[in-house]
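For reference, the structure discussed in these notes is given below.
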Amino acid sequence: MVAITLPDGKVRSYPGPVTGLDVATDIGPGLAKAALAVRVDGEMRDLKAGLDRDCALAIVTAKDADALELLRHDAAHVMAEAVKELYPETQVTIGPSIENGFYYDFARPTPFTPEDLERIEARMHEIVARDEPIACEAWDRDAAVAFFESLGEKYKAEIIGSIPAGQTITLYRQGAFIDLCRGPHLPSTGRLGKAFKLMKLAGAYWRGDARNEMLQRIYGTAWFDKKDLDAYLTMLEEAEKRDHRRLGREMTLFHQQEEAAGSVFWHPKGWTLYRAVEGYMRRRLEANAYVEVKTPQLVDFSLWEASGHADKFAESMFTITTQDDRHLAVKPMNCPCHVQIFRQGIKSYRDLPLRMAEFGSCHRYEPSGALHGIMRVRAFTQDDAHIFCTEDQITAETVAFCQLLKEVYSDFGFTDVRVKFSDRPAKRAGSDESWDKAEAALSSAAAAAGLETTLNPGEGAFYGPKLEFVLRDAIGRDWQCGTLQVDIVLPERLDAAYTAEDGSRRRPVMLHRAILGSFERFLGILIEHHAGRFPMWLAPVQVVVATIVSDADAFATEVAATLRARGLRVETDLRNEKINYKVREHSVAKVPILLVVGKREAEQGSVAMRRLGSPDQEVLALDAVVDKLCAEAMPPA
RNA sequence: GCCGGUUUAGCUCAGCUGGUAGAGCACCUGAUUUGUAAUCAGGGGGUCACGGGUUCGAAUCCUGUAACCGGCACCA
């Protein structure tokens, strides 16, 4: 007897082994038709997997959140089958489901072309129409290795070969295609449906290692129905519309050019935005008892040797040899310089914690392929600070930092923030004991700050563990911005010390921390998050005063002057154009407030206010408008 | 850095198999004084990314370089 407990608590008993499909059929033909897989005691299995003992069973249908993963995994297999049919000389490697879709990596001497993608996609539809059953087979490892070697699939054979000997593995067969796979899979290729699309071609290293050969990766997206697919494609279009590179040009915020690859030319409007962010951050730092410093751009290479950067990061540093043969580096980070300030004079425990901030301009020679708009550049400015403190102060400083960070993100319109805890990497400085201590201190501090963290194993900095703060933007994309890193190595290397209460000489701990990360990147994120429609306090131009007739010019000028005198960023539009034209232009330019002034308003001393995105207008007396707008344009905090 | 792609007017793009460049928008000028998302008419503007080569002739074919785009790797 096999007793199957269903999610509603009902128990069904069967005389012998059954499959999930049997149970679903038993419950009803509708469910049997919708069934894609089963969850047995919480674990996802094939619909046709045998159930030979008592268990809890749930039938998985398209409504289940993780059913999409199954679908996408199947899509990867169907794509691989299509590729093997069309290009038999191609070797298959791996093809997992990923967020929004799937990919498969292929090995072949000649790369795929965009035309190949169309052929492959068409063939995938044929395979779906064939509705080939997908069957799971158990194989002996060595037999599987031999089998794939005989097929000339050396990558597959290598993967299976790295599975411990003697273990039974599963292969999935659909039509003539057979692949190593842990499963589970849908019952047949027909279940994939039609809502999929191949998206792009890319190179990818075998086993993710740049020293290995490069494979051809094909990315696709897959959904249960066309509506979801279309929604996803629309979302991609939306993302493209708010691309910071496009908006940067359209809104004349900045530009980039070949002669300064990886740098930003900030135009007046972009720089206004930048300064609004910088001014806000400066006020927040002052309110949180930081001191601000400014350190040199060019520093003798010996300091980087002492700090340890020369060993590990020399390739990323811009270096200069002067006419008199001095070897300098443009600073890639600020910490060694901050330690130099700390080291001036004698520090006492009474000076700690010392929170030293700098809007530090740094240069790193990023690999050419890494550059991306203003998000990944070679010249950038960090909202950097180093907190010199005692071990006992780590917790309080971490708690205070997390609080500040949360407020800042919220002020910029980000409320969904996740936290990752990155522990010791393989390549690191410092003893295991000191790492034990630093990791313990940071994780208990994170707990004290009330953070829920997910572990990011081995991703810590070489000098210490870190917390990484990831914020989610308006269209659901994640951006890692803030960081807090415990550093027990640098104070030692650069000989930073303070005099303790008992007169002994001690090493401070350094907390490296940033909230925005880099201004350039954060501004890129801000642009995309707001789609260029900034809140008042950030908008480069907050108000445009536009006239309907030239008789209103004098009054419009007066309105603008009044607002400007109160600190608002105002422009006038006195051109000889129709008001429709002006409304459209300033709307397209994403100016939050348009004040329209015609003959009536000029006579009455009023303005007609129109907000971006709303066709409504409100006629207000000048005084009232000034107060209202000043209040709205006030930066937070 | 690696794989693939792209580079034509300020922007978006067209230019078939080689015969010395086009459109829309933007810009400039003129007319229009206009009531809430594009008024009309005229005009100017391009060493076709850069360097080599093939050819009587190259935006177009070959080749090298750079930047950019999409991934991969990297991200102290």
Side-chain angles (χ1 to χ4, degrees), chain A residues 103 105 110-114 116-117 199-219 243 245-246 249-250 252 255-262 304 307-317 332-336 362 364-373 375-377 380 382 425 427-429 459-464 466 480 483 485 487 489-490 512 517-518 521 546-553 574-589 594-601 608-610 612-617 619:
Chain A
Y103 69 77
D105 285 347
T110 50
F112 290 109
T113 65
D116 292 336
L117 277 200
M199 304 296 285
K200 51 198 170 196
L201 288 163
Y205 297 108
W206 166 236
R207 294 193 172 224
D209 190 327
R211 288 166 301 192
N212 291 341
E213 59 271 39
M214 184 152 277
L215 307 172
Q216 305 295 322
R217 175 173 296 180
I218 303 178
Y219 282 95
D243 187 306
R245 292 163 297 191
R246 174 177 173 150
R249 184 179 58 238
E250 286 175 1
T252 61
H255 89 269
Q256 295 177 280
Q257 69 186 47
E258 201 170 325
E259 290 80 354
W304 307 107
S307 71
H309 291 96
D311 291 343
K312 297 184 172 62
F313 311 114
E315 282 190 359
S316 307
M317 290 165 73
M333 49 204 301
N334 308 299
C335 19
C362 297
R364 295 177 190 173
Y365 195 77
E366 300 286 3
S368 58
L371 301 179
H372 177 86
M375 301 272 207
R376 187 84 184 268
V377 284
F380 56 93
Q382 292 176 310
K427 211 171 131 185
R428 61 179 181 263
E459 292 299 313
F462 79 93
Y463 48 72
K466 55 188 180 182
Q480 186 176 309
T483 180
Q485 311 175 1
D487 185 351
V489 171
L490 205 58
H512 302 242
S518 95
R521 181 156 175 277
T547 53
I548 295 173
V549 291
S550 53
D551 289 347
D553 286 1
L574 310 182
R575 292 173 305 170
N576 179 12
E577 295 289 353
K578 288 192 156 178
I579 193 63
N580 282 314
Y581 182 86
K582 295 188 183 181
V583 167
R584 176 179 154 76
E585 246 193 20
H586 301 300
S587 298
V588 168
L594 183 62
L595 299 180
V596 176
V597 175
K599 208 166 174 181
R600 282 203 299 273
E601 288 79 8
M609 181 167 79
R610 180 187 168 117
L612 179 60
S614 163
D616 302 336
Q617 29 179 322
V619 179

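These numbers come from the heavy atoms of this one structure, side chains and all, not from hydrogens, waters or symmetry mates. Throughout, a chain's letter reflects where its sequence line sits, starting with A, and its residues are numbered from 1.
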Kindly point out which of [options] is positioned nearest to the side chain of [X]?
X	options	value
Asn580(A)	A37(B), C2(B), G35(B)	A37(B)
Ala202(A)	G71(B), G35(B), A73(B)	G71(B)
Lys200(A)	A76(B), U36(B), G70(B)	G70(B)
Val583(A)	A76(B), A67(B), U36(B)	U36(B)
Phe313(A)	A76(B), U36(B), C68(B)	A76(B)
Arg249(A)	A38(B), G70(B), U12(B)	U12(B)
Arg217(A)	U39(B), C72(B), A76(B)	C72(B)
Arg364(A)	G70(B), G1(B), C75(B)	C75(B)
Tyr581(A)	A26(B), C2(B), U12(B)	A26(B)
Tyr205(A)	A76(B), A73(B), G35(B)	A73(B)

Now, which nucleotide makes the Watson-Crick or G-U wobble pair with [N], with each of the two distances under 3.5 Å?
N	value
G64(B)	C50(B)
U33(B)	none
A14(B)	none

Euclidean distance for P, G24(B) against G71(B) (whole angstrom): 35 Å

Quantified in whole Å, what is the C1' atom distance between nucleotide C50(B) and nucleotide A59(B)?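 The answer is 14 Å between these two C1' atoms.
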
Which label fits His309(A) and Trp304(A): parallel for a plane angle under 30°, tilted from 30 to 60°, or perpendicular past 60°?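 Rings of His309(A) and Trp304(A): perpendicular, as their planes differ by over 60°.
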
Select base, sugar-phosphate, or nothing to describe what Phe112(A) touches, counting heavy atoms under 4.0 Å on all strands. nothing

